[in-house]
Asks: 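Following this message is one structure expressed as structure tokens.
Just so it is clear: chains get the letters A, B, ... in the order the sequence lines come, proteins before strands, and each one is counted from 1. All values below come from the heavy atoms of this structure, side chains included, with hydrogens, waters and symmetry mates left out.
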There are 2 protein chains.
Amino acid sequence: MKTLAVNKAAKTMEKNGKGARKRATSYDVAELAGVSQSAVSRVFQDGASASKEMRNRVMAAADKLGYRPNAIARGLITQRSNMVAVVISKMTNLYYPEVLVQLTQHFSERGVRVLLFALEREGDTATVIEQMLQYRVDGILTAAMFTPEQLRTLQNEDIPIVFYNRTLKDQLVSSVLCDQQEGERWLVDELVNAGHKSFGIVEGPADSVVSIERKTGALNELAELGITDVTTVSGDYGYETGKECFAKLIQKRGSPPEAVIAANDVMAIGCIDEAREHFRLKVPDDISIVGFDGVGQARYAAYDVTTVRQPVHRMTESAASMLIERIENPELSPEKRAFSGTLIRGSSARLRSDDS
Amino acid sequence: MKTLAVNKAAKTMEKNGKGARKRATSYDVAELAGVSQSAVSRVFQDGASASKEMRNRVMAAADKLGYRPNAIARGLITQRSNMVAVVISKMTNLYYPEVLVQLTQHFSERGVRVLLFALEREGDTATVIEQMLQYRVDGILTAAMFTPEQLRTLQNEDIPIVFYNRTLKDQLVSSVLCDQQEGERWLVDELVNAGHKSFGIVEGPADSVVSIERKTGALNELAELGITDVTTVSGDYGYETGKECFAKLIQKRGSPPEAVIAANDVMAIGCIDEAREHFRLKVPDDISIVGFDGVGQARYAAYDVTTVRQPVHRMTESAASMLIERIENPELSPEKRAFSGTLIRGSSARLRSDDS
DNA sequence: GGCAATATTGCATCCGCATGCAATCCGGAA
DNA sequence: TTCCGGATTGCATGCGGATGCAATATTGCC
């Protein structure tokens, strides 16, 4: 059987005469070290038993050959790819990039690789699901919505999923989210306390769950406070539409509202610019404008947007943990973790008079 | 042998009594369809020969079982993972997220999956390389620099690499880049033509090749035009350091320069804010400030940064193609593709008087 | 020093699919 | 109807590593 190993390796060698040498396999290392392939395999595993002597011999041989365990082959036999799919959609908040990098780092620290899927729009999930399934990802972290049927498919395959900033009401799924409604309530309270009575709402793309949440949050609170003068227009989260929306708002109601609630900071910035540029309005003297997210740009001195900052770091950390836990223990039941944002009082909105 | 297949499948079944059914394999499909596993394999391949009748039977069985070819197993046998590694570093331009999404989409369209690696700093490449190698990616697209030794390792393994916005002088590597130096020359020309004689340069992180390129580009052109009053400070591409750098600049030279050249738009914005806020300088009346990249924020009305826009779409498209071509044909020699940016004349810099 | 308990090591086999080769099938030409 | 060439199909095997089991080497303990 030693002979067998030798033959195997020899055959491998001759097949690649001068051209690109094949990458070394555990058999090659085993042969060079004069041990069995299993031994090599064990040396490169965590909890496996191998004597010091063995470890040294194998490692020496491995170094000499530039051997690296083949994660693909390992995945095939262990039924664990150690990869998770991360799904984001393109026309989403400018703020997701940050999320993406942090997520990747969190996963990376725990030995999990990220297979990235970027959707053109939140709806394009079909082919992506097929891909994720074919690559046998161990889990899915998504910032895009899936249809109930897709969800069922994934459940059938026992692939844990964690939703990022989205969730399903009628279904048990794991999700990490920032309490959008709460945040909007804070903003509305702030604005109402400052004495504003007429409102404009700039919502995001129709298929964005987050945008819907924010809108309803704001509308509910406004209704509760007895404010009825509310006009809504919708954009796509981008700067340009922020500007357009502001103009539409004015056109729609004839005059500027006292306050504008934008679905995100970028559109809020668009509104501010449009208000200043085309309508000669002073922010916040003539009009208050608030956003959501707490992205970097919201802090630019020219805008200093009043907003609610999402605790991105804690959220990504939590999402990664949650997914990994469910990969390691599939029995865990779904869980929703909602994080509160932080109200950032910038200078784009009038402050409430009573500073209670 | 029909019997054999039956046994195999039967064994599989019994192993998973009630618990999670195992995912269907090509054997399961073969059995249900009453054909051989090879047949199933062929039906799910592109150029393979299979009769219409066969195709139908197999597909019917596959549908019934929810079968999906296992890309991991396929990768093992074909020696092609159909995955590429994309490496980005965190503290890099805010502008990369856009790049990332576009790259992913380009790859996706061509049937290639993206394994994402996010570095804390551009230097943290060591472990990442190990990972990429273990996962047997077919190619690497990197927006971070590798050491010559790492490069050698990758070359030994015959993994094609394409560098994004970085390259090596003394070595043949494929890269896609925006001509940073050219862009800076344009900006400098613009500023000098407008009559500016004293300059401040805000460079990026020391380990950013792009930043170095931009700085040298600017310095060279300034020298060529006989401008010697140049002060340099360095930041990290972020807004905050943009502000700090501007202050440092003034402190260093006692008075504001007539023009500031920032290594990217975000820092340019920081400079503008600091100039306005703390030094009561009017932009561009008292001072001209230019950036680089042409990110979204540069177009915000409050800044309207004069800058050079990188043709991101063409660059990502080109990078993806270049890598895929080299995966399909490893003999292709390295190639550098340099794209020209587009000068965007915003209002953050004085215009040249002669409008030639 | 002798023996049981424990730690190492090797063997054989499997993970799920692709593919060269041989066997079989089919249609058309003679 | 018979024969031939191309199209289909099945068989056997391999990709690179993990792992249960059995054989062997070590160790500790009395």
Asks: Can you work out whether B/Ala73 or B/Gln45 has the more 5'-proximal nearest nucleotide on DNA chain C?
Replies: B/Ala73
Asks: Under 6.0 Å from the CG atom of A/Leu172, do we count more than 12 heavy atoms belonging to anything else shown?
Replies: no
Asks: Is there a donor N/O on one and an acceptor N/O on the other, under 3.5 Å, for the side chain of A/Arg42 and the base of C/dG10?
Replies: yes
Asks: From the options C/dC14, D/dC11, D/dG14, select the nucleotide whose nearest atom is closest to the side chain of A/Ile77.
Replies: C/dC14
Asks: Between the side chains of A/Thr147 and A/Arg152, does any donor sit under 3.5 Å from an acceptor?
Replies: no
Asks: Between the side chains of B/Ser108 and B/Arg113, is a donor N or O closer than 3.5 angstrom to an acceptor N or O?
Replies: no
Asks: Once hydrogens and angles are ignored, does a donor-acceptor distance under 3.5 Å link the base of D/dA18 to the side chain of A/Gln37?
Replies: yes
Asks: For A/Arg166 and A/Ser175, test the side chains for any donor-to-acceptor distance below 3.5 angstrom and give the result as yes or no.
Replies: no
Asks: Write down the distance between CZ (A/Arg23) and P (D/dG14), rounded to a whole number of angstrom.
Replies: 21 Å
Asks: Between P on D/dG16 and CD1 on B/Ile72, what's the gap in Å once rounded to a whole number?
Replies: 15 Å
Asks: Without hydrogens or angle criteria, can the side chains of B/Glu120 and B/Ser89 be said to hold a donor-acceptor pair below 3.5 Å?
Replies: no
Asks: Expressed in angstrom and rounded to an integer, what is the separation of B/Arg80 atom CZ from D/dG16 atom C1'?
Replies: 19 Å
Asks: For the residue pair A/Arg337 and A/Ser318, confirm or rule out a side-chain donor-acceptor distance under 3.5 Å.
Replies: yes
Asks: Look at all strands and tell whether A/Ser41 reaches a base, only sugar-phosphate, or nothing, counting heavy atoms closer than 4.0 Å.
Replies: base
Asks: Does a side chain donor of either A/Thr167 or A/Lys336 reach within less than 3.5 Å of an acceptor in the other side chain?
Replies: yes
Asks: What nucleotide among D/dT19, C/dC17, C/dT19 has an atom nearest to a side-chain atom of B/Asn70?
Replies: C/dC17
Asks: Could you say whether B/Leu76 or B/Met54 is positioned toward the 5' end of DNA chain D, judged by the nucleotide with the nearest heavy atom to each?
Replies: B/Met54
Asks: Answer with yes or no whether B/Ser26 presents, from its side chain, a donor or acceptor under 3.5 Å of a partner atom in the base of C/dC17.
Replies: no
Asks: What is the nucleic acid contact for A/Arg136, judged by heavy atoms within less than 4.0 Å: base, sugar-phosphate only, or nothing?
Replies: nothing
Asks: For A/Tyr135 and C/dG16, is the shortest distance between a side-chain N/O and OP1 or OP2 below 4.0 Å?
Replies: no
Asks: Below the 4.0 Å mark, does D/dT9 have OP1 or OP2 next to a side-chain nitrogen or oxygen of B/Ser51?
Replies: yes
Asks: What's the spacing between B/Ile140 CD1 and B/Phe146 CZ if we round to 0.5 Å?
Replies: 5.5 Å
Asks: Can you identify which nucleotide, out of D/dT9, D/dG17, C/dG16, has its nearest atom closest to the A/Gln79 side chain?
Replies: C/dG16
Asks: What integer distance in Å separates B/Asn56:CG from D/dT8:P?
Replies: 13 Å
Asks: Just to be sure I understand the rule, does B/Ser38 reach a base, reach only the sugar-phosphate, or reach nothing, if contact means heavy atoms closer than 4.0 Å?
Replies: base
Asks: Nearest-Å distance, CZ (B/Arg57) to C1' (D/dT8)?
Replies: 13 Å
Asks: Could you state the CD-C1' distance from B/Glu53 to D/dA7, rounded to the nearest angstrom?
Replies: 15 Å
Asks: How sharply is the helix from C/dG1-D/dC30 to C/dA30-D/dT1 bent, taking the axes over five pairs at either end and rounding to 10 degrees?
Replies: 30°
Asks: Over how many whole Å does the gap from B/Leu65 atom CG to C/dG16 atom C1' extend?
Replies: 15 Å
Asks: Considering every strand and a 4.0 Å limit on heavy-atom distances, what is the contact class for A/Arg55: base, sugar-phosphate, or nothing?
Replies: nothing
Asks: So, is A/Tyr27 close to the C/dC11 phosphate, meaning a side-chain N or O under 4.0 Å from OP1 or OP2?
Replies: no
